[in-house]
Enquirer: 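The structure is given below, and queries will be raised subsequently.
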Amino acid sequence: MDERQKIINIAVIAHVDAGKSTLVDAFLNQSSVFRDNESVVDCVMDSDAIERERGITIYSKNCSIMYKDYKINIVDTPGHADFSSEVERIMKTVDTVILLVDSSEGPMPQTRFVLNKALQQGLNPILFINKIDKKDARIDEVVDEVYELFMDLEANDEQLDFPILYGIARQGIAVDNPSAIEGFFIGEGAAKIKKSPKGYMNFDIIPLLECITEHCQPYPDRREEPLQLQVSTLAYDDYIGRLGIGRITRGVIKEAQTVAITRGDGSTRKTGINQIFVYKGMSRVPVSKAQCGDIVVVSGISDISIGETICDQEHPESLGKIYIEEPTLSMNFMVNTSPFAGRAGKYITSRHIKGRLEKELEVNVGLIAEPAETTDCFKVSGRGELHLSVLIENMRREGYELAVSKPEVIIKKNINGEKFEPVEEVIISVPDEYAGSVISKLNIRKGLMKEMMSEGNGYSKIIYTAPTRGLMGYRTEFINDTHGEGTMIRKFEGFEPWKGKIPDRINGVAVAQEEGHCTAYAIFAIQERVQMFVKPQDHVYEGQIVGMNARSEDMVVNPCRTKKATNMRAAGSDDTIRLTPPRTFTLEEALEFIDDDELLEVTPSDIRLRKKLLTEIERRKNTNKTKK
């Protein structure tokens with residue numbers, strides 16, 4: 001028999017911005033994965049364009065390194081709550097997790113979520129206190145807070161006896177005791193060194209690698225047992241089709257092997273696999289066979305799904321279902337029916353949108369898509385606004401054109417018919433002078449304060465539970481109220497009884513009266529009472545929203561009106577008009593802004609806000625109907 005390879009699988013888990021992808025950079029840089037002359041970007045695992053732009057991890061990804069005679073497979077996971085389905089799936093494929101905690105912030109809401117998933121799988125974590133060179137680092141207090149978190153989550157004695165390391169992931173440094181590097185990076189006169197995950201002087205990531213090999217036993221040798229591999233992630237390759245990714249629980253898998261596929265419901269089917277790939281560095285490398293413990297990529301099974309188990313054809317045994325928490329928000333994706341439809345997008349029909357959603361469902365298990373009442377509309381449900389907006393952003397970049405409705409929370413009912421809605425925990429850090437305004441706004445939105453404390457340096461920490469329905473649209477308001485100095489972190493908490501009516505958007509909107517190009521002359525007259533969303537020469541159509549009214553009712557305006565030339569004045573004499581810069585929207589801000597009777601038109605080149613009913617007559621008729 002071939003020599004047994006020592007394999008350890010680890011996942012790096014943490015809250016957003018704790019340094020997960022940066023720590024993976026350090027592992028890769030110090031394991032000779034890259035050539036000496038190779039140009040390497042920061043957060044190399046964040047390969048998706050949107051991940052790079054937003055500076056967050058959206059999809060969990062695999063890589064591997066060699067340390068001594070160990071092969072260590074590493075999974076980089078998202079930290080944002082909207083993508084937590086990516087974390088839930090991969091917990092079954094790893095032997096331990098490295099829990100990253102910021103030396104200043106301490107455990108955050110998502111830290112609790114990802115740690116809870118790890119403890120439920122019986123994993124024994126390694127704690128890594130990151131960014132210990134921060135001026136406001138409070139290392140000892142943070143370690144105590146982590147111990148309290150473990151006890152809150154009812155960790156067993158073995159899990160509570162976790163090893164602790166300290167370091168600076170962006171420098172590629174890990175140490176057993178923070179005092180070892182105090183003279184170099186902490187305190188007055190600390191070294192100002194170039195950001196590089198390759199280590200510095202005698203400091204490197206080796207103590208963490210040593211800790212992994214000592215703390216975690218290599219995967220046991222179960223090569224003689226029948227094959228069993230549960231698919232935890234899906235990928236797609238344009239040349240070889242759908243790919244299933246998972247850890248081999250037992251046995252050996254070979255290319256061109258005939259296997260049995262078992263579902264969670266007990267049904268079984270036989271099929272053949274084509275190629276097998278394993279991870280080497282950041283690359284997928286084809287191999288003729290792979291052994292238990294390794295994370296592999298399997299091609300050739302066109303209908304493989306997450307949670308299905310690939311087994312020896314003579315011994316089909318399912319590993320059960322992979323439970324994914326349910327979506328909390330839904331919105332309608334529909335065919336774009338605006339007068340400008342089809343001008344920018346390549347894919348504009350309901351067939352195109354349906355095909356793209358079906359493709360997304362293959363790899364995005366936190367998403368649900370189902371037909372709506374009409375054939376040109378689909379109800380799409382996800383874990384949050386960011387989860388859905390990333391899908392919309394990807395679609396528009398691929399050339400799709402569509403209209404989407406306002407996000408709505410998913411309501412559940414019990415056997416007595418009582419309504420339950422999703423509730424979130426909100427942790428806010430805000431300057432003391434703005435705390436009153438934030439508390440007032442959250443109270444209006446049916447929030448309930450759990451805790452308020454002083455953080456020092458003139459800042460307060462406020463913890464609320466509030467319905468998701470009430471928090472929609474609040475982020476922009478929060479940034480304005482705190483002058484950009486506050487931070488807000490949200491985490492799904494669960495479903496609670498319906499909280500009653502919550503006030504909608506206070507302001508009405510300004511709606512374009514006709515199609516045409518906006519003029520400075522018209523905008524100047526309108527902007528006294530309207531915050532404009534358009535600028536001169538923008539092409540608008542009837543029913544498009546061009547601004548926000550200072551009052552609560554909607555107002556029809558004509559931003560395309562031109563000055564008539566007469567004997568007394570010339571048409572071009574208004575060059576000195578001063579216009580207020582228009583408000584521009586990101587995709588998330590636009591989704592937060594729109595109301596029930598409005599839509600967001602999304603094309604590869606533009607994001608436009610519009611009324612569902614474009615003409616003023618239609619809107620009046622509809623208002624009269626609803627009044628009756």
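Note: hydrogens, waters and symmetry copies are ignored here, and every other heavy atom, side chains too, is used. The structure presented is a predicted model; accordingly, all values stated were derived computationally and were not measured.
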Enquirer: Indicate yes or no: at least one non-hydrogen side-chain atom of L600 is less than 4.5 angstrom from one of F585.
Expert: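 With C-beta onward as the side chain, the pair stays apart.
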
Enquirer: Is any side-chain heavy atom of P467 less than 4.5 Å from a side-chain heavy atom of V409?
Expert: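 Counting from C-beta outward, P467 and V409 never come under 4.5 Å.
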
Enquirer: Set out, in order, the CA-CA distance, both residues' side-chain angles and the distance that settles side chain to side chain contact (heavy atoms under 4.5 Å, CB included) for L442 and M449, then state yes or no.
Expert: CA-CA 9 Å; L442 286 172; M449 187 189 289; over 6 Å; no

Enquirer: Which distance, rounded to the nearest 0.5 Å, do you find between the CZ of F340 and the OG1 of T337?
Expert: 13.0 Å

Enquirer: Indicate yes or no: at least one non-hydrogen side-chain atom of E360 is less than 4.5 angstrom from one of V380.
Expert: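 When only atoms from C-beta onward are counted, V380 and E360 do not touch, as no gap falls below 4.5 Å.
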
Enquirer: What heavy-atom pair brings P407 and L591 nearest, and what distance separates the two atoms?
Expert: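 Shortest heavy-atom separation between P407 and L591 comes out as CD-O, 3.5 Å.
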
Enquirer: Please confirm whether the backbone N or O of N549 pairs with a side-chain atom of N507, one donor and one acceptor, at under 3.5 Å?
Expert: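 Indeed, once roles are kept as given, a pair shorter than 3.5 Å links the two residues.
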
Enquirer: Strictly distance-based, threshold 3.5 Å: is any side-chain N or O of R242 a donor or acceptor partner for the main-chain N or O of I304?
Expert: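 Between the backbone of I304 and the side chain of R242 there is a qualifying donor-acceptor contact (under 3.5 Å).
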
Enquirer: Salt bridge or not for E425 and K450, using N-O below 4.0 Å?
Expert: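 Salt bridge flag = yes for K450 with E425.
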
Enquirer: List the atom of E542, the atom of T615, and the distance in Å for their closest heavy-atom pair.
Expert: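 What the structure gives for the nearest pair is OE2-CA, 3.6 Å.
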
Enquirer: Would you sort out whether I245 and V231 count as a side chain to side chain contact (heavy atoms under 4.5 Å, CB included), showing the intermediate values?
Expert: CA-CA 5 Å; I245 306 170; V231 175; 5.9 Å; no

Enquirer: According to the interplanar angle, ranging from 0 to 90°, do the rings of H539 and H517 count as parallel (below 30°), tilted (30 to 60°) or perpendicular (above 60°)?
Expert: parallel

Enquirer: What's the separation between atom CG in N414 and atom CZ in F420, rounded to the nearest 0.5 Å?
Expert: 4.5 Å

Enquirer: Less than 4.5 Å apart, side chain to side chain, heavy atoms only: is that true for I428 and Y464?
Expert: no

Enquirer: So, does T519 use its side chain to make a donor-acceptor pair with the main chain of R561 at under 3.5 Å?
Expert: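 Present.
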
Enquirer: In Å, rounded to the nearest 0.5 Å, how long is the span from CZ of R396 to OG of S389?
Expert: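 Output value for this atom pair is 11.0 Å.
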
Enquirer: Do you know which of R619, K612, R610, K611 makes salt bridge (Lys or Arg N to Asp or Glu O under 4.0 Å) with D597?
Expert: K611

Enquirer: Does the side chain to side chain contact (heavy atoms under 4.5 Å, CB included) test come out yes or no for I13 and M91, once each step is laid out?
Expert: CA-CA 10 Å; I13 62 173; M91 284 301 171; 3.8 Å; yes

Enquirer: Other residues, nucleotides and ligands only: do more than 12 of their heavy atoms fall within 6.0 Å of CD on E528?
Expert: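 No, the 6.0 Å shell around CD holds no more than 12 heavy atoms from other groups.
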
Enquirer: Would you check if the side chain of N394 reaches a backbone N or O of E398 as a donor-acceptor pair within less than 3.5 Å?
Expert: no

Enquirer: Please indicate whether Y347 has more than 12 foreign heavy atoms, meaning atoms of other residues, nucleotides or ligands, lying under 6.0 Å from its OH.
Expert: no

Enquirer: Test E401 against every option in T603, T349, N336 by the side chain to side chain donor-acceptor pair (under 3.5 Å) rule and name the one that passes.
Expert: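 Single side chain to side chain donor-acceptor pair (under 3.5 Å) partner of E401 among T603, T349, N336: N336.
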
Enquirer: Does the separation of the ring centres of Y400 and F333 fall below 6.0 angstrom?
Expert: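 Centroid separation for Y400 and F333: 6.0 Å or greater.
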
Enquirer: If every non-hydrogen atom of A344 is compared with every non-hydrogen atom of S605, which pair is closest and at what distance?
Expert: CB-OG, 3.4 Å

Enquirer: Would you say that M532 contacts I526 through its side chain, given a criterion of any heavy-atom pair below 4.5 Å between the two side chains?
Expert: yes

Enquirer: Given T465 and E493, is the side chain to side chain donor-acceptor pair (under 3.5 Å) satisfied, shown in steps?
Expert: CA-CA 8 Å; T465 54; E493 185 92 336; over 6 Å; no

Enquirer: Determine whether a donor-acceptor pair (N or O, by modelled atom type, separation under 3.5 Å) exists between the side chain of T482 and the backbone of V430.
Expert: no

Enquirer: Looking at every heavy atom in both Y459 and D432, which two are closest together, and how far apart are they?
Expert: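 Of all heavy-atom pairs spanning Y459 and D432, the closest is C-OD1, 3.2 Å.
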
Enquirer: When you look at CZ of R351, are more than 12 heavy atoms from neighbouring residues, nucleotides or ligands closer to it than 6.0 Å?
Expert: no

Enquirer: Quick check: do M334 and L599 have side-chain heavy atoms less than 4.5 Å from each other?
Expert: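 M334 vs L599: side chains touch.
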
Enquirer: Side-chain contact test, heavy atoms from C-beta onward, threshold under 4.5 Å: evaluate it for N62 versus V75 and give yes or no.
Expert: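 A side-chain contact exists here, since the closest heavy-atom pair is under 4.5 Å.
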
Enquirer: Look only at the side chain of D554 and the backbone of V509, and say whether a donor-acceptor pair between them is shorter than 3.5 Å.
Expert: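 The answer is yes, because a donor-acceptor pair under 3.5 Å joins these two groups.
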
Enquirer: Ignoring hydrogens, what is the shortest heavy-atom contact between P327 and F495? Give both atom names and the distance.
Expert: O-CZ, 4.5 Å

Enquirer: Do you know which two heavy atoms are closest between I594 and S405, and how far apart they sit?
Expert: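 Shortest heavy-atom separation between I594 and S405 comes out as CD1-C, 3.7 Å.
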
Enquirer: Quick one: CD1 on I463 to OG on S429, what's the gap to the nearest 0.5 Å?
Expert: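 Output value for this atom pair is 11.0 Å.
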
Enquirer: Taking L609's backbone N and O only, do any of them form a donor-acceptor pair with E598's side chain (distance below 3.5 Å, no angle check)?
Expert: no

Enquirer: Could you walk me through whether I523 and C518 pass side chain to side chain contact (heavy atoms under 4.5 Å, CB included), step by step?
Expert: CA-CA 7 Å; I523 291 173; C518 299; 3.9 Å; yes

Enquirer: Hey, could you give me the NZ/NZ distance between K419 and K412, rounded to the nearest 0.5 Å?
Expert: 15.5 Å

Enquirer: Hey, which of R445, R469, K446, R490 is the one that makes salt bridge (Lys or Arg N to Asp or Glu O under 4.0 Å) with E424?
Expert: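 Considering R445, R469, K446, R490, a salt bridge (Lys or Arg N to Asp or Glu O under 4.0 Å) with E424 is found only for R490.
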
Enquirer: Rounded to the nearest 0.5 Å, how far apart are CG of L471 and CD of E592?
Expert: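 Output value for this atom pair is 9.5 Å.
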
Enquirer: Give a yes or no answer on whether the side chain of Q527 reaches the backbone of T580 with a donor-acceptor pair at less than 3.5 Å.
Expert: yes

Enquirer: For K354, does the NZ atom sit with more than 12 other heavy atoms under 6.0 Å from it, leaving out its own atoms?
Expert: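 No, the 6.0 Å shell around NZ holds no more than 12 heavy atoms from other groups.
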
Enquirer: Is any side-chain heavy atom of M452 closer than 4.5 Å to one of S460?
Expert: yes

Enquirer: Check the surroundings of atom CD in E373: do more than 12 heavy atoms from other residues, nucleotides or ligands lie under 6.0 Å from it?
Expert: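 It does not: E373 CD has 12 such atoms or fewer within range.
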
Enquirer: Any donor-acceptor pair under 3.5 Å linking the side chain of N443 with the backbone of I439?
Expert: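 Yes; at least one donor-acceptor contact below 3.5 Å.
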
